[in-house]
Amino acid sequence: MCGIVGIVGNQPVSERLVDALKRLEYRGYDSAGVATIHDGVLERRRAEGKLVNLETKLRGEPLAGKTGIAHTRWATHGAPTENNAHPHFTDGVAVVHNGIIENFSELKDELSAGGASFKTQTDTEVVAQLLAKLIRDGMSQRDAMQAMLRRVTGAYALAVIFQDAPDTIMAARSGPPLAVGFGKGEMFLGSDAIRAVALYQ
Ligand code: GLU
């Protein structure tokens, strides 16, 4: 179970998100990624291995955007590859997740039968696919989040951003910690309840 950070900010967030992830490095991880929303478009960078690899990628291809989420992964379902690294994207929805979605296999079968095409081997992708489906079916993002949470079982902390909601991170937890921090005109999310306070200072 690894690290989640998020910022709804008033200045660019990608570097700050990676700095915040560094404070969670003590937990161990095998890959990392960051996603932001910029001008109505979700973008991400992901890398296997240490955060320095993600930083190198970001130097070559910087990520703009004032709202974003980031993750260090400790793989439980699917190999520790860049493709399986979080955030996972489906139709304008981006998800990072700590923990395990226990009923992912049943949900994956159901979503696949409805036409979803899975791009990763992770349990996490069912969350992104299910949210995207519920929104396509006409639900608001908030209702979709609540409906998704009624379907998933297991121990999880989740942070979600939506391409067309540039000032919002939705988050949920059942088991693993997730703390919300308030800054000056900004809000923060961190999966380490104690360090979250210091994460963004
Ligand atoms: N179960 C998820 C995965 O394998 C999340 C693992 C974690 O907590 O980092 O991608």
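Both counts, for ligands and for their atoms, begin at 1 and track the order of listing. Treat the numbers as computed from the prediction; the structure is a model and nothing was measured.
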Exercise. Please indicate whether any nitrogen or oxygen in D123 is less than 3.5 Å from any nitrogen or oxygen in ligand 1.
Key: yes

Practice problem: Taking only heavy atoms of H71 into account, list the atoms of ligand 1 that are under 4.0 Å away from them. | Solution: 9 (O)

Quiz item: Does CD in E15 sit with more than 12 non-hydrogen atoms of other residues, nucleotides or ligands closer than 6.0 Å?
Solution: no

Practice problem: Apply side chain to side chain donor-acceptor pair (under 3.5 Å) to N103 and list each qualifying residue two or more places apart in sequence or on a separate chain. | Solution: T153

Practice problem: For H77, counting its heavy atoms only, list the atoms of ligand 1 lying under 4.0 Å from any of them. | Solution: 4 (O)

Self-check item: Flag, side chain of H71 to backbone of A85, donor-acceptor distance under 3.5 Å
Solution: no

Practice problem: Using distance alone, decide if ligand 1 has a nitrogen or oxygen within less than 3.5 Å of any nitrogen or oxygen in N84. | Solution: no

Quiz item: G99: heavy atom below 4.0 Å from ligand 1, yes or no?
Solution: yes

Practice problem: With sequence neighbours excluded, give me every side-chain hydrogen bond (donor to acceptor under 3.5 Å, both in side chains) pair touching residues 52-66. | Solution: K22-E55, K57-E82

Quiz item: If you draw the axis of the six-membered ring of F89, does the NZ or CZ of R44 fall within 45° of it and under 6.0 Å from the ring centre?
Solution: yes

